[in-house]
Amino acid sequence: MKQARILQNKTYLYLTEFFAGMSVMAVELGASRLLAPYFSSSQIVWTIIIGTIMIAMALGNIYGGRTADKNPDPGKLYKRMIVAAIWIAAIPVVGKYLILGISALLIFTVNSNFLILAAFFACMVIFVFPLFLLGTVTPSLVKYTVDSLEDNGKIVGMLNASNTIGSILGTFLPTFVTIPAVGASVTFLIFAGILLLLALVYFISVKEGGKGAAFGVILFLVCCLAGRSDSFAFWETDLSYEGESVYNYLQVKEDENSVILSTNVLFGVQSILKKDNSLSGMYYDYALAAPFMAGVYEKERLDVLILGMGTGTFATQCKRYFPNVRMEGVEIDEKITDLARTYFALPEDVPVAAYDGRAYLNVVDHKYDVIMVDAYQDITIPFQMSSVEFFTMVKSHLKEDGVMVVNMNMRTTQEGSMNEYLADTISHVFDSVYTADVTGSTNRELFASASPDILEVMQDQMALTSDSDLADLMDRTAERLAAYEPGDYLLTDDCAPVELLGMRVIDELIRDEVRYYREIYEKEGLKGLLDFIL
């Protein structure tokens, strides 16, 4: 029999299991990169991805086992693999549109947990079906490879081992090879192509199913032509740079006044360069109070460390206004540092270490006059840099009169907010804590020190500055500074639910932003809303 010959080649069936396992993990990692520019890459989003994929795989296992018992035809399995391959190849073509469509629908119909629900439904719509089909592979192959009870344990073990080894490679290859080299879109196409090739080998061997296989190849080629773009912000036409690194989606946008870096499609500015060398108009300006609090004009050299360097907005401003500053930056994403040198005029003499901020503090013993913590992006707040243990480590790297400045975004008035947790935690470590809300944004700057005199020092230093713009800025910042009254909230290495806290604030901000449009939708329906927008 034609099918019997291909079944006798168990190596081919083990390869099927191997590449199916590899593709599942590659799609899972690709899913995180597809969702991250819209929903962040927080633990919550990862939980949704893993959970929905496990649901798909479990259902696929059940269905695959039942169908293999009823009709043990390997052609059925390989047809499912063709369908899965085409679906995966289509993800770069339609995935981002589906995400925005689902988000647009939910934003007018849900009042809470918007990002959780949007990410969940996006995962369900985009990823569950192809991974359900791949979930049928293992039980089907067990049926086709087990000839007798004498060696069934060995064969099942080999199949599972093949799947596991493939999954291991499918974990490492996208992260360290394909996504950094060619992007998430082409990564989907690569692994879809592998699945399609496996199925084609089967149908060519048995000389059956040629029309369906040929149609699958045509659809795959169409997806390759239409889905090679790595643009997540497909509505933007004037980006200076758009790409991906190991850690982030990256977007550089330039206009006549400034250059902006964003790591999120929908909201957030991570760094900005003003072309006329003026102040940024953002939280970086307020952070300049930290060198004043540390006595910048009294010291021969002011040592400044930035954890979360980005493209160096704060570093550039410090070097512009304070010639005696020695800058040192830590940025985990080397690609961002490359962009900083290319687009944001970060001086070559400013060293930037490619480290996690906390890991860097673990390996250096230097003490600094100012440490800026600017590693919080939207809801993507690294828990290890939000705990009492972390801030204790920061304090140990400050000089006696040193100052820590922390940029806290997502400001809100709700009790038990992310900012309240962070400020209370910092107050457990530092004696003097002051905050200043940034005008026109949801940012709040927090200044902390072991010294009780930082406000007095700041006032004395402000009198020494010769730059009128900087002096005016410091006057406005000083007026906004308020002593923080600590509460009892505490984040620790053992318990720091930063994702849930951040998600709660994002929900509130989204509700505020869309309230006006929601009212139009509720009064006039979808047609009225579209008429208003268009």
Side-chain angles (χ1 to χ4, degrees), residues 36-37 180 230-233 236-288 290-291 302 304-323 325-357 360 370-378 380 405-407 409 438 440-441 443 445 467 469-470 473:
D230 60 356
S231 177
F232 290 89
E236 298 278 11
T237 58
D238 57 349
L239 295 179
S240 300
Y241 176 85
E242 185 178 19
E244 297 174 83
S245 68
V246 173
Y247 299 98
N248 289 297
Y249 159 79
L250 301 168
Q251 179 188 111
V252 177
K253 189 172 183 177
E254 186 173 353
D255 59 30
E256 61 182 11
N257 298 315
S258 58
V259 186
I260 295 170
L261 171 74
S262 177
T263 58
N264 191 297
V265 168
L266 299 179
F267 48 79
V269 171
Q270 271 63 59
S271 296
I272 185 170
L273 170 68
K274 303 295 286 187
K275 293 183 178 179
D276 61 358
N277 290 327
S278 62
L279 292 163
S280 69
M282 300 174 65
Y283 70 85
Y284 312 99
D285 301 347
Y286 288 64
L288 289 171
L302 195 83
V304 177
L305 173 67
I306 304 174
L307 303 179
M309 183 74 160
T311 59
T313 302
F314 183 66
T316 302
Q317 289 186 335
C318 282
K319 287 185 71 68
R320 181 184 308 138
Y321 292 112
F322 311 119
V325 164
R326 177 187 175 275
M327 303 300 308
E328 192 175 326
V330 181
E331 173 55 58
I332 195 170
D333 195 335
E334 288 184 276
K335 185 64 177 179
I336 290 180
T337 303
D338 293 340
L339 295 176
R341 308 287 191 197
T342 303
Y343 294 98
F344 293 85
L346 180 67
E348 292 292 338
D349 62 349
V350 175
V352 182
Y355 258 86
D356 170 82
Y360 187 79
V370 173
I371 295 179
M372 183 181 193
V373 179
D374 191 17
Y376 308 151
Q377 299 177 17
D378 309 319
T380 309
V405 55
V406 180
N407 173 49
N409 52 11
V438 179
S441 78
N443 292 83
E445 293 304 286
D467 188 287
D469 290 337
L470 183 60
L473 169 67

Quiz item: Is any side-chain heavy atom of Leu302 closer than 4.5 Å to a side-chain heavy atom of Phe322?
Solution: no
Quiz item: Does any non-hydrogen side-chain atom of Val252 lie less than 4.5 Å from one of Val259?
Solution: yes
Exercise. Find the distance between CG (Asp285) and CZ (Phe314) and round it off to the nearest 0.5 Å.
Key: 10.0 Å
Self-check item: Distance-minimising heavy-atom pair for Glu445 and Ala287
Solution: OE1-CB, 3.7 Å
Quiz prompt | Value rounded to 0.5 Å, distance of CG in Asp333 from CG in Asp338 | solution = 9.0 Å
Quiz item: Do you see a donor-acceptor pair shorter than 3.5 Å between the side chains of Asn443 and Tyr286?
Solution: no
Quiz item: What heavy-atom pair brings Lys274 and Ser258 nearest, and what distance separates the two atoms?
Solution: CD-CB, 4.1 Å
Quiz item: Between atom CG of Asp469 and atom CG of Asn277, what is the distance when rounded to the nearest 0.5 Å?
Solution: 12.0 Å
Practice problem: For residues Met309 and Thr337, determine if any side-chain heavy atom of one lies less than 4.5 Å from a side-chain heavy atom of the other. | Solution: no
Quiz item: Side chains of Met282 and Val438: closer than 4.5 Å at any heavy-atom pair?
Solution: no
Exercise. Might you point out which heavy atoms bring Cys318 and Leu288 nearest each other, and give the distance in Å?
Key: SG-CD2, 4.0 Å
Quiz item: CG of Asn407 to OH of Tyr283: how many Å apart, nearest 0.5 Å?
Solution: 4.5 Å
Quiz item: Would you say the side-chain atoms of Glu331 pair up with the backbone N or O of Gly310, donor to acceptor, closer than 3.5 Å?
Solution: yes
Exercise. Over 60° means perpendicular and under 30° means parallel, so classify the ring planes of Tyr241 and Tyr343, tilted if in between.
Key: tilted
Quiz item: Are the side chain of Arg341 and the backbone of Pro347 linked by a donor-acceptor contact shorter than 3.5 Å?
Solution: yes
Self-check item: Ile336 vs Ser245 side-chain heavy atoms within contact, under 4.5 Å
Solution: no
Exercise. For Gln251 and Leu239, work out which heavy atoms get closest and say how close.
Key: CG-CD2, 3.6 Å
Quiz item: Short question: side chain of Lys319, backbone of Leu346 - any donor-acceptor pair under 3.5 Å?
Solution: no
Quiz item: Measuring from Ile260:CD1 to Leu273:CG, what's the distance to the nearest 0.5 Å?
Solution: 10.0 Å
Quiz item: So do the side chains of Leu279 and Gln317 get within less than 4.5 Å of each other, counting heavy atoms only?
Solution: yes
Practice problem: Would you please test Met372 and Val304 for side-chain contact (heavy atoms from CB on, under 4.5 Å) and show each step? | Solution: CA-CA 8 Å; Met372 183 181 193; Val304 177; 5.7 Å; no
Exercise. State the OH-CG distance between Tyr284 and Asp374, to the nearest 0.5 angstrom.
Key: 6.0 Å
Practice problem: For residues Phe344 and Ile272, determine if any side-chain heavy atom of one lies less than 4.5 Å from a side-chain heavy atom of the other. | Solution: no
Quiz item: Can you tell me if Thr313 uses its side chain to pair, donor with acceptor, with the backbone of Ser271 under 3.5 Å?
Solution: no
